[in-house]
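For reference, the structure is listed below as C-alpha coordinates.
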Amino acid sequence: MMKIGALSLKNNLFMAPMAGITDLAFRIVVRSFGASLCYSEMISANGLIRSTPRSFRYMESSSEDRPLAVQLFGSEPDILAKAAMIADESGADLIDINMGCPVKKVIRTGSGAFLMKDPQRVAAIVRALRHATSRPLTIKIRSGWSPASINAVEIARLAESEGADAVAVHPRTALQRYSGRADWGVIKDVKKAVSVPVIGSGDLWRPEDVTGMQDMTGCDAVMIARGSLGNPWIFQKALSSGSSGFSLSSPLPCEREETVRRHLELAITFRGEKMGMLNFRKHLLWYTKGLPGGARFRKSVMEVKDKKAILEALREFIYSGEPDAPGG
Ligand SMILES: Cc1cc2nc3c(=O)[nH]c(=O)nc-3n(C[C@H](O)[C@H](O)[C@H](O)COP(=O)(O)O)c2cc1C
(Lines give C-alpha, C1' and ligand atoms only; values in the text may rest on other atoms or scores of the structure.)
Protein backbone atom coordinates (compact mmCIF):
# COMPACT_ATOMS: atom_id res chain seq x y z
CA MET A 1 0.00 0.00 0.00
CA MET A 2 1.11 3.55 -0.64
CA LYS A 3 -0.50 6.93 -1.10
CA ILE A 4 -0.04 9.83 -3.48
CA GLY A 5 -2.07 12.70 -2.10
CA ALA A 6 -5.42 11.15 -1.25
CA LEU A 7 -5.01 8.32 -3.77
CA SER A 8 -4.36 4.89 -2.25
CA LEU A 9 -2.47 2.40 -4.39
CA LYS A 10 -2.26 -1.33 -3.78
CA ASN A 11 1.49 -1.48 -4.32
CA ASN A 12 4.38 0.74 -5.37
CA LEU A 13 5.01 -0.66 -8.82
CA PHE A 14 3.79 1.55 -11.65
CA MET A 15 3.73 1.48 -15.44
CA ALA A 16 5.61 4.52 -16.77
CA PRO A 17 4.12 6.74 -19.46
CA MET A 18 5.30 5.90 -22.98
CA ALA A 19 4.01 7.82 -25.99
CA GLY A 20 2.71 5.50 -28.69
CA ILE A 21 2.80 2.53 -26.30
CA THR A 22 0.86 2.88 -23.04
CA ASP A 23 -2.58 2.92 -24.61
CA LEU A 24 -5.69 1.49 -22.98
CA ALA A 25 -5.09 -2.05 -24.25
CA PHE A 26 -1.51 -2.28 -22.97
CA ARG A 27 -2.47 -0.69 -19.66
CA ILE A 28 -5.13 -3.32 -19.05
CA VAL A 29 -2.60 -6.06 -19.80
CA VAL A 30 0.04 -4.75 -17.38
CA ARG A 31 -2.56 -4.13 -14.69
CA SER A 32 -3.51 -7.79 -14.89
CA PHE A 33 0.09 -8.55 -13.83
CA GLY A 34 -0.08 -6.23 -10.86
CA ALA A 35 0.88 -2.67 -11.90
CA SER A 36 -1.00 -0.52 -9.38
CA LEU A 37 -0.92 2.74 -11.34
CA CYS A 38 -0.69 3.30 -15.08
CA TYR A 39 -0.02 6.51 -16.97
CA SER A 40 -1.64 7.62 -20.18
CA GLU A 41 0.53 8.53 -23.12
CA MET A 42 1.53 12.18 -22.89
CA ILE A 43 -1.32 14.44 -23.98
CA SER A 44 -0.93 17.94 -25.39
CA ALA A 45 -2.56 20.52 -23.11
CA ASN A 46 -3.17 22.65 -26.18
CA GLY A 47 -4.78 19.73 -27.96
CA LEU A 48 -7.09 19.09 -25.03
CA ILE A 49 -8.34 22.62 -24.74
CA ARG A 50 -8.88 22.71 -28.51
CA SER A 51 -10.71 19.37 -28.23
CA THR A 52 -8.68 17.55 -30.85
CA PRO A 53 -9.97 13.98 -31.25
CA ARG A 54 -6.51 12.53 -30.71
CA SER A 55 -6.10 14.18 -27.31
CA PHE A 56 -9.41 12.80 -26.16
CA ARG A 57 -8.60 9.35 -27.49
CA TYR A 58 -5.44 9.33 -25.35
CA MET A 59 -7.66 9.89 -22.32
CA GLU A 60 -10.01 7.00 -23.11
CA SER A 61 -10.24 4.62 -20.22
CA SER A 62 -12.45 1.92 -18.75
CA SER A 63 -13.44 0.57 -15.35
CA GLU A 64 -10.61 -2.01 -15.54
CA ASP A 65 -8.15 0.79 -16.26
CA ARG A 66 -8.12 2.33 -12.79
CA PRO A 67 -6.50 4.19 -11.17
CA LEU A 68 -5.26 6.20 -14.16
CA ALA A 69 -2.63 8.95 -14.19
CA VAL A 70 -3.20 11.36 -17.06
CA GLN A 71 0.02 12.98 -18.24
CA LEU A 72 -0.12 16.42 -19.83
CA PHE A 73 2.56 18.33 -21.66
CA GLY A 74 2.65 22.04 -22.32
CA SER A 75 4.53 25.15 -21.33
CA GLU A 76 1.92 27.75 -20.37
CA PRO A 77 0.62 27.56 -16.79
CA ASP A 78 -2.90 28.75 -17.70
CA ILE A 79 -3.27 26.35 -20.63
CA LEU A 80 -1.98 23.44 -18.57
CA ALA A 81 -4.38 24.42 -15.78
CA LYS A 82 -7.35 24.42 -18.15
CA ALA A 83 -6.26 21.08 -19.58
CA ALA A 84 -5.95 19.71 -16.03
CA MET A 85 -9.56 20.72 -15.37
CA ILE A 86 -10.65 18.82 -18.47
CA ALA A 87 -8.64 15.75 -17.38
CA ASP A 88 -10.11 16.08 -13.90
CA GLU A 89 -13.68 16.21 -15.24
CA SER A 90 -13.03 13.23 -17.47
CA GLY A 91 -12.11 11.21 -14.39
CA ALA A 92 -8.30 11.21 -14.20
CA ASP A 93 -7.29 9.82 -10.81
CA LEU A 94 -4.01 11.71 -10.89
CA ILE A 95 -2.61 14.46 -13.09
CA ASP A 96 1.05 14.44 -14.05
CA ILE A 97 3.04 17.04 -15.93
CA ASN A 98 5.69 15.92 -18.38
CA MET A 99 8.98 17.70 -17.70
CA GLY A 100 11.17 15.04 -19.21
CA CYS A 101 10.37 14.54 -22.88
CA PRO A 102 13.53 15.24 -24.94
CA VAL A 103 11.91 15.02 -28.38
CA LYS A 104 12.63 18.05 -30.61
CA LYS A 105 9.00 18.66 -31.52
CA VAL A 106 8.13 18.98 -27.83
CA ILE A 107 11.26 20.88 -26.72
CA ARG A 108 10.70 23.43 -29.48
CA THR A 109 7.43 24.49 -27.86
CA GLY A 110 9.10 25.00 -24.47
CA SER A 111 7.45 21.85 -23.09
CA GLY A 112 8.76 18.54 -21.78
CA ALA A 113 12.38 18.54 -20.64
CA PHE A 114 12.81 22.15 -21.78
CA LEU A 115 11.08 23.08 -18.51
CA MET A 116 14.14 21.78 -16.61
CA LYS A 117 15.85 24.96 -17.82
CA ASP A 118 13.29 27.21 -16.23
CA PRO A 119 12.64 26.45 -12.54
CA GLN A 120 10.43 29.52 -12.08
CA ARG A 121 8.15 28.35 -14.85
CA VAL A 122 7.96 24.94 -13.21
CA ALA A 123 6.87 26.64 -9.99
CA ALA A 124 4.26 28.71 -11.84
CA ILE A 125 2.90 25.60 -13.60
CA VAL A 126 2.54 23.58 -10.40
CA ARG A 127 0.94 26.58 -8.65
CA ALA A 128 -1.59 27.05 -11.46
CA LEU A 129 -2.49 23.36 -11.52
CA ARG A 130 -2.74 23.20 -7.75
CA HIS A 131 -5.44 25.88 -7.95
CA ALA A 132 -7.17 24.20 -10.88
CA THR A 133 -7.61 20.68 -9.50
CA SER A 134 -7.84 18.85 -6.22
CA ARG A 135 -6.67 15.60 -7.81
CA PRO A 136 -3.25 14.28 -6.83
CA LEU A 137 -0.73 16.29 -8.81
CA THR A 138 2.73 15.08 -9.80
CA ILE A 139 5.58 16.03 -12.09
CA LYS A 140 7.93 13.77 -14.01
CA ILE A 141 11.40 15.21 -14.44
CA ARG A 142 14.86 14.38 -15.74
CA SER A 143 18.09 14.87 -13.79
CA GLY A 144 18.60 18.15 -15.62
CA TRP A 145 19.00 19.59 -19.07
CA SER A 146 22.69 18.76 -19.47
CA PRO A 147 25.49 17.27 -17.36
CA ALA A 148 26.46 20.85 -16.47
CA SER A 149 23.00 21.69 -15.15
CA ILE A 150 21.82 18.82 -12.95
CA ASN A 151 18.94 20.42 -11.03
CA ALA A 152 16.43 17.68 -10.23
CA VAL A 153 16.68 18.46 -6.51
CA GLU A 154 15.95 22.15 -7.02
CA ILE A 155 13.00 21.42 -9.32
CA ALA A 156 11.58 18.77 -6.99
CA ARG A 157 11.80 21.11 -3.98
CA LEU A 158 10.04 23.90 -5.88
CA ALA A 159 7.29 21.56 -7.02
CA GLU A 160 6.78 20.27 -3.49
CA SER A 161 6.55 23.79 -2.09
CA GLU A 162 3.92 24.67 -4.71
CA GLY A 163 1.79 21.69 -3.77
CA ALA A 164 2.88 18.72 -5.90
CA ASP A 165 1.95 15.40 -4.27
CA ALA A 166 4.86 13.35 -5.66
CA VAL A 167 7.81 13.64 -8.02
CA ALA A 168 8.87 11.05 -10.58
CA VAL A 169 12.53 11.15 -11.59
CA HIS A 170 14.10 9.67 -14.71
CA PRO A 171 17.75 10.46 -13.98
CA ARG A 172 19.12 10.93 -17.44
CA THR A 173 19.76 14.44 -18.76
CA ALA A 174 17.60 15.74 -21.59
CA LEU A 175 20.66 15.78 -23.85
CA GLN A 176 21.28 12.14 -23.00
CA ARG A 177 17.78 11.21 -24.20
CA TYR A 178 17.65 7.43 -23.66
CA SER A 179 21.33 6.57 -24.04
CA GLY A 180 23.85 5.63 -21.40
CA ARG A 181 22.98 4.62 -17.88
CA ALA A 182 20.39 6.30 -15.68
CA ASP A 183 22.14 7.82 -12.65
CA TRP A 184 20.11 6.42 -9.76
CA GLY A 185 22.16 8.60 -7.39
CA VAL A 186 20.00 11.54 -8.51
CA ILE A 187 16.86 9.69 -7.37
CA LYS A 188 18.52 9.22 -4.00
CA ASP A 189 19.37 12.94 -3.81
CA VAL A 190 15.77 13.91 -4.62
CA LYS A 191 14.43 11.43 -2.05
CA LYS A 192 16.61 13.04 0.61
CA ALA A 193 15.48 16.53 -0.39
CA VAL A 194 11.67 16.26 -0.35
CA SER A 195 9.08 14.68 1.89
CA VAL A 196 6.47 13.86 -0.77
CA PRO A 197 6.79 10.39 -2.36
CA VAL A 198 9.53 9.98 -4.96
CA ILE A 199 8.97 7.64 -7.90
CA GLY A 200 12.10 6.27 -9.56
CA SER A 201 12.47 5.55 -13.27
CA GLY A 202 15.32 4.39 -15.46
CA ASP A 203 16.89 1.09 -16.42
CA LEU A 204 14.45 -1.25 -14.75
CA TRP A 205 15.08 -4.08 -17.17
CA ARG A 206 14.77 -7.11 -14.89
CA PRO A 207 12.53 -7.83 -11.90
CA GLU A 208 15.53 -7.64 -9.58
CA ASP A 209 16.31 -4.08 -10.77
CA VAL A 210 13.16 -2.96 -8.98
CA THR A 211 14.48 -3.96 -5.57
CA GLY A 212 17.93 -2.76 -6.62
CA MET A 213 16.63 0.76 -7.26
CA GLN A 214 14.56 0.83 -4.08
CA ASP A 215 17.48 -0.36 -1.97
CA MET A 216 19.93 2.06 -3.49
CA THR A 217 17.76 5.19 -3.60
CA GLY A 218 15.13 4.72 -0.89
CA CYS A 219 12.48 5.80 -3.43
CA ASP A 220 8.85 5.21 -2.51
CA ALA A 221 7.74 3.68 -5.80
CA VAL A 222 9.20 2.76 -9.17
CA MET A 223 7.85 2.95 -12.69
CA ILE A 224 8.83 0.40 -15.32
CA ALA A 225 9.13 1.59 -18.93
CA ARG A 226 11.12 -0.21 -21.65
CA GLY A 227 11.55 -3.31 -19.49
CA SER A 228 7.85 -4.02 -19.94
CA LEU A 229 7.84 -4.05 -23.74
CA GLY A 230 6.94 -7.56 -24.79
CA ASN A 231 7.34 -8.44 -21.11
CA PRO A 232 4.31 -7.39 -19.04
CA TRP A 233 5.13 -10.35 -16.73
CA ILE A 234 7.92 -8.24 -15.27
CA PHE A 235 5.38 -6.65 -12.92
CA GLN A 236 4.24 -9.97 -11.50
CA LYS A 237 7.78 -11.23 -11.17
CA ALA A 238 9.00 -8.05 -9.48
CA LEU A 239 6.10 -8.16 -7.04
CA SER A 240 6.57 -11.80 -6.15
CA SER A 241 10.37 -11.79 -6.08
CA GLY A 242 10.23 -9.12 -3.38
CA SER A 243 8.26 -11.36 -1.04
CA SER A 244 8.81 -15.02 -1.80
CA GLY A 245 11.75 -15.27 -4.17
CA PHE A 246 9.30 -16.87 -6.59
CA SER A 247 10.59 -18.16 -9.92
CA LEU A 248 12.03 -15.48 -12.20
CA SER A 249 11.91 -17.66 -15.29
CA SER A 250 10.18 -16.74 -18.56
CA PRO A 251 6.43 -17.25 -18.86
CA LEU A 252 5.23 -20.67 -19.98
CA PRO A 253 4.33 -20.92 -23.67
CA CYS A 254 0.64 -21.08 -22.82
CA GLU A 255 0.90 -17.94 -20.68
CA ARG A 256 2.72 -16.14 -23.45
CA GLU A 257 0.15 -17.14 -26.03
CA GLU A 258 -2.76 -16.20 -23.78
CA THR A 259 -1.33 -12.77 -23.00
CA VAL A 260 -0.45 -11.89 -26.58
CA ARG A 261 -3.89 -13.02 -27.73
CA ARG A 262 -5.64 -11.01 -25.00
CA HIS A 263 -3.56 -7.93 -25.82
CA LEU A 264 -4.48 -8.19 -29.50
CA GLU A 265 -8.20 -8.68 -28.70
CA LEU A 266 -8.13 -5.59 -26.47
CA ALA A 267 -6.34 -3.54 -29.13
CA ILE A 268 -9.02 -4.49 -31.66
CA THR A 269 -11.86 -3.87 -29.20
CA PHE A 270 -10.68 -0.33 -28.52
CA ARG A 271 -9.35 0.72 -31.91
CA GLY A 272 -11.17 -1.47 -34.42
CA GLU A 273 -9.59 -4.26 -36.48
CA LYS A 274 -7.52 -2.09 -38.83
CA MET A 275 -5.97 0.38 -36.36
CA GLY A 276 -5.89 -2.21 -33.60
CA MET A 277 -3.81 -4.61 -35.70
CA LEU A 278 -1.56 -1.83 -36.94
CA ASN A 279 -0.89 -0.61 -33.43
CA PHE A 280 -0.34 -4.08 -32.14
CA ARG A 281 2.36 -4.91 -34.66
CA LYS A 282 5.19 -3.35 -32.62
CA HIS A 283 4.07 -5.23 -29.53
CA LEU A 284 4.07 -8.49 -31.49
CA LEU A 285 7.69 -7.81 -32.44
CA TRP A 286 8.60 -7.19 -28.80
CA TYR A 287 6.73 -10.26 -27.59
CA THR A 288 8.77 -12.48 -29.89
CA LYS A 289 12.14 -10.74 -29.54
CA GLY A 290 14.94 -12.98 -28.41
CA LEU A 291 12.92 -16.17 -28.77
CA PRO A 292 14.33 -18.94 -30.96
CA GLY A 293 12.97 -18.55 -34.48
CA GLY A 294 11.65 -15.06 -33.61
CA ALA A 295 13.24 -13.34 -36.58
CA ARG A 296 11.73 -15.86 -38.99
CA PHE A 297 8.32 -15.53 -37.36
CA ARG A 298 8.38 -11.73 -37.53
CA LYS A 299 9.31 -11.84 -41.19
CA SER A 300 6.51 -14.28 -41.93
CA VAL A 301 3.79 -12.19 -40.27
CA MET A 302 4.98 -8.83 -41.57
CA GLU A 303 2.38 -8.74 -44.32
CA VAL A 304 -0.40 -10.59 -42.52
CA LYS A 305 -3.30 -8.28 -41.83
CA ASP A 306 -5.85 -10.78 -40.67
CA LYS A 307 -6.27 -11.41 -36.97
CA LYS A 308 -7.07 -15.09 -37.24
CA ALA A 309 -4.00 -15.76 -39.38
CA ILE A 310 -1.74 -13.87 -36.96
CA LEU A 311 -3.04 -15.82 -34.00
CA GLU A 312 -2.56 -19.11 -35.82
CA ALA A 313 1.00 -18.20 -36.80
CA LEU A 314 1.69 -17.11 -33.24
CA ARG A 315 0.41 -20.36 -31.83
CA GLU A 316 2.52 -22.38 -34.20
CA PHE A 317 5.59 -20.26 -33.43
CA ILE A 318 5.18 -20.41 -29.66
CA TYR A 319 4.66 -24.17 -29.54
CA SER A 320 7.14 -25.15 -32.22
CA GLY A 321 9.72 -27.40 -30.69
CA GLU A 322 7.64 -27.71 -27.55
CA PRO A 323 7.37 -31.41 -26.65
CA ASP A 324 4.49 -30.70 -24.27
CA ALA A 325 2.34 -28.72 -26.67
CA PRO A 326 -1.23 -29.36 -25.62
CA GLY A 327 -3.67 -30.83 -28.11
CA GLY A 328 -0.89 -31.96 -30.48
C1 LIG B 1 9.15 4.99 -26.51
C2 LIG B 1 9.15 5.78 -25.22
C3 LIG B 1 8.16 6.74 -25.01
C4 LIG B 1 8.15 7.48 -23.83
N5 LIG B 1 7.17 8.39 -23.65
C6 LIG B 1 7.12 9.10 -22.48
C7 LIG B 1 6.06 10.00 -22.22
O8 LIG B 1 5.13 10.18 -23.01
N9 LIG B 1 6.09 10.68 -21.05
C10 LIG B 1 7.09 10.51 -20.12
O11 LIG B 1 7.07 11.15 -19.07
N12 LIG B 1 8.10 9.65 -20.35
C13 LIG B 1 8.13 8.93 -21.48
N14 LIG B 1 9.13 8.03 -21.68
C15 LIG B 1 10.14 7.82 -20.63
C16 LIG B 1 9.78 6.66 -19.70
O17 LIG B 1 8.60 6.92 -18.98
C18 LIG B 1 10.91 6.35 -18.71
O19 LIG B 1 11.06 7.41 -17.79
C20 LIG B 1 12.25 6.11 -19.40
O21 LIG B 1 12.10 5.28 -20.53
C22 LIG B 1 13.29 5.53 -18.46
O23 LIG B 1 12.97 4.24 -18.06
P24 LIG B 1 13.66 2.92 -18.72
O25 LIG B 1 15.14 3.21 -18.81
O26 LIG B 1 13.31 1.85 -17.73
O27 LIG B 1 13.04 2.75 -20.06
C28 LIG B 1 9.15 7.28 -22.84
C29 LIG B 1 10.14 6.31 -23.07
C30 LIG B 1 10.15 5.56 -24.22
C31 LIG B 1 11.21 4.52 -24.42
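Note that ligands are numbered from 1 as they come in the structure, with each ligand's atoms numbered from 1 the same way. Any value given below was found using the heavy atoms of this structure, including those in side chains, with hydrogens, waters and symmetry copies removed.
- Looking only at protein heavy atoms, the nearest one to atom 27 (O) of ligand 1 is Arg226 NE, 2.6 Å.
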- [ ] Begin from the C-alpha positions of Ser75 and Arg121 and carry the test side chain to side chain donor-acceptor pair (under 3.5 Å) through to its verdict.
- [x] CA-CA 8 Å; Ser75 61; Arg121 184 174 285 265; 4.6 Å; no
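- The protein heavy atom nearest to atom 18 (C) of ligand 1 is Ser201 OG, 3.3 Å.
- Of all protein heavy atoms, the one closest to atom 13 (C) of ligand 1 is Pro17 O, 3.0 Å.
- Near Leu204, with a cut-off below 4.0 Å to any heavy atom, the atoms of ligand 1 are 26 (O).
- When non-hydrogen atoms are compared, ligand 1 lies under 4.0 Å from neither the backbone nor the side chain of Ile224.
- Contacts between Tyr39 and ligand 1, counted as non-hydrogen atom pairs separated by less than 4.0 Å, are absent for every part of the residue.
- Protein heavy atom in closest approach to atom 4 (C) of ligand 1: Met18 CA, 3.4 Å.
- With a 4.5 Å cut-off on side-chain heavy atoms, Lys140 and Asn98 do not count as touching.
- When only interatomic distances are considered, the shortest N/O to N/O separation between Trp205 and ligand 1 does not fall below 3.5 Å.
- Those atoms of ligand 1 with a heavy atom of Met42 less than 4.0 angstrom away are 8 (O).
- In terms of modelled atom types and a separation under 3.5 Å, the side chain of Gln71 and the main chain of Asp96 share no donor-acceptor contact.
- Taking every heavy atom of Ile21 and a limit of under 4.0 angstrom, the matching atoms of ligand 1 come to 1 (C).
- Taking the six-membered ring where the residue is Trp, Tyr39 and Phe14 present tilted rings, their angle falling between 30° and 60°.
- For the ligand labelled ligand 1, residue Lys140 lies inside the 4.0 Å heavy-atom shell.
- When hydrogens are left out, the protein atom nearest atom 28 (C) of ligand 1 is Tyr178 OH, 3.3 Å; that is the closest non-hydrogen contact.
- When atom types are taken as modelled, the side chain of Thr133 and the backbone of Leu129 share no donor-acceptor pair closer than 3.5 angstrom.
- Between His283 and Trp286, the ring planes lie perpendicular to each other; the angle is over 60°, past the 30° to 60° tilted range.
- The main-chain N or O of Leu24 is never found under 3.5 Å from a side-chain atom of Asp65 such that the two would form a donor-acceptor pair.
- One finds the CG atom of Leu9 at 8.0 Å from the CG atom of Asn11 (value rounded to the nearest 0.5 Å).
- Atoms of ligand 1 found under 4.0 Å from any heavy atom of Ala16, numbered from 1 in the order shown, are 17 (O).
- Cation-pi geometry between Arg262 and Phe280 is not met at under 6.0 angstrom from the ring centre and within 45 degrees of the axis.
- With a heavy-atom cut-off of 4.0 Å, Arg172 touches ligand 1 through its side chain alone.
- A 4.5 Å side-chain heavy-atom check between Lys191 and Asp220 finds at least one atom pair inside the cut-off.
- Of the heavy atoms in Gln71, only side-chain atoms (C-beta onward) come closer than 4.0 Å to ligand 1.
- The shortest N or O to N or O distance between Met223 and ligand 1 is not below 3.5 Å.
- The closest approach between any non-hydrogen atom of Gly227 and ligand 1 is not below 4.0 Å.
- By the criterion of a heavy-atom distance under 4.0 Å, both the backbone and the side chain of Asp203 are placed next to ligand 1.
- A salt bridge links Glu265 with Lys307; the closest basic N to acidic carboxylate O contact falls under 4.0 Å.
- Ala19 N, 2.9 Å is the protein heavy atom nearest to atom 5 (N) of ligand 1.
- To the nearest 0.5 Å, atoms CG (Leu285) and NZ (Lys282) are separated by 10.0 Å.
- When heavy-atom distances to ligand 1 are checked against a 4.0 Å cut-off, His170 comes that close only through its side chain, counted from C-beta outward.
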